[in-house]
Amino acid sequence: QVQLVESGGGLVQAGGSLRLSCAASGGTFTSYEMGWFRQAPGKEREFVALITWSSGITYYGDSVKGRLTISRDNAKNTVYLQMNSLKPEDTAVYYCVARRTDRGTWDYWGQGTQVTVSS
């Protein structure tokens, strides 16, 4: 079964940067999409970004467009989220996710990594 493990979260001041990593294992990902969701206390999980494994096509949620960049390293089976110009409202638990391209649901989730942005 596919397993996803996030790392790279932490504390950062507003305007700062972080890079999150997601190590994937347990499958071949040529037919997958991988991405990131986030969830703040009391709020629903929010789509952040996705990337197609084979071609590298990316999509972003409106709230992060222009500040966050998703990428992947196929050789390392790793997905990244580069986070720049961070705002306090970016504070959340960030989850790495994966799904097959022929499915409409995100079937695989990592354990999450906390990102806290202070004013």
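The structure presented is a predicted model; accordingly, all values stated were derived computationally and were not measured. If you read the sequence from its start, that first residue is 1, and numbering goes on from there.
Note: the hydrophobic cluster containing L4 also contains Y32 (ILVMFWY, side chain heavy atoms under 4.5 Å, direct or indirect links). Linking Ile, Leu, Val, Met, Phe, Trp and Tyr residues whenever their side-chain heavy atoms come within less than 4.5 Å places M34 and V64 in a single cluster. No single ILVMFWY cluster, assembled from side-chain heavy atoms under 4.5 Å apart, contains both I57 and I51. Connection of V115 to L68 is established within a shared hydrophobic cluster, with ILVMFWY side chains joined at heavy-atom distances below 4.5 Å, either directly or through further cluster members. Note on M83: it does not cluster hydrophobically with V93, by side-chain heavy-atom contacts below 4.5 Å among ILVMFWY residues.
The neighbour count for Q39 CD, taken as heavy atoms of other residues, nucleotides or ligands under 6.0 Å away, is above 12. Within 6.0 Å of atom CG in D62, 12 or fewer heavy atoms from other residues, nucleotides or ligands are found, so the atom counts as exposed in its surroundings.
Sorted by first and then second residue, the disulfide bond (SG atoms under 2.5 Å apart) pairs involving residues 10-101 (not counting sequence neighbours) are C22-C96.
Taking each heavy atom of I70 and G35 in turn, the nearest pair found is CD1-CA, 3.8 Å. In plain terms, the two heavy atoms of T78 and W53 that are nearest each other are N-CH2, 3.9 Å. Nearest heavy atom pair, residue L81 against residue A49, reads CD1-CB, 4.5 Å. Here the shortest heavy-atom pairing between Q82 and L18 reads NE2-O, 3.5 Å. When all heavy atoms of Y95 and G110 are compared, the closest pair comes out as CD2-O, 3.5 Å. Across all their heavy atoms, A14 and P88 have their closest contact at CB-CD, 4.2 Å.
Results of the ring pair (Phe, Tyr, Trp, His ring centres under 6.0 Å) test with F47 over Y94, Y59, F37 single out F37 as the only residue that passes. With respect to S63, the side-chain hydrogen bond (donor to acceptor under 3.5 Å, both in side chains) criterion is satisfied by exactly one of K87, E89, R38: R38.
The CZ atom of R99 lies 4.5 Å from the CD atom of E33; values are rounded to the nearest 0.5 Å. Annotation: the span from S17 atom OG to L86 atom CG amounts to 6.0 Å, rounded to 0.5 Å. Once rounded to the nearest 0.5 Å, the distance linking CD of E46 with CG of D90 reads 9.0 Å. A distance of 7.0 Å separates CD of Q114 from OG1 of T91, quoted to the nearest 0.5 Å. In this structure, CZ in R67 is found 7.0 Å from OG in S85, a value given to the nearest 0.5 Å. Expressed to the nearest 0.5 Å, how far CG of L50 lies from OH of Y60 amounts to 9.0 Å.
A search for salt bridge (charged side-chain N to carboxylate O under 4.0 Å, His left out) contacts involving R72 returns nothing, not counting sequence neighbours.
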field: Working for side chain to side chain contact (heavy atoms under 4.5 Å, CB included), residues W36 and L20
entry: CA-CA 10 Å; W36 296 88; L20 306 183; 3.7 Å; yes
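By the 6.0 Å and 45° rule, R45 stacks over the aromatic ring of W109.
Clustering of Ile, Leu, Val, Met, Phe, Trp and Tyr side chains at separations under 4.5 Å leaves V5 isolated, with no partner residue.
A distance-only check finds a donor-acceptor pair linking the side chain of E6 to the backbone of Q111 [under 3.5 Å].
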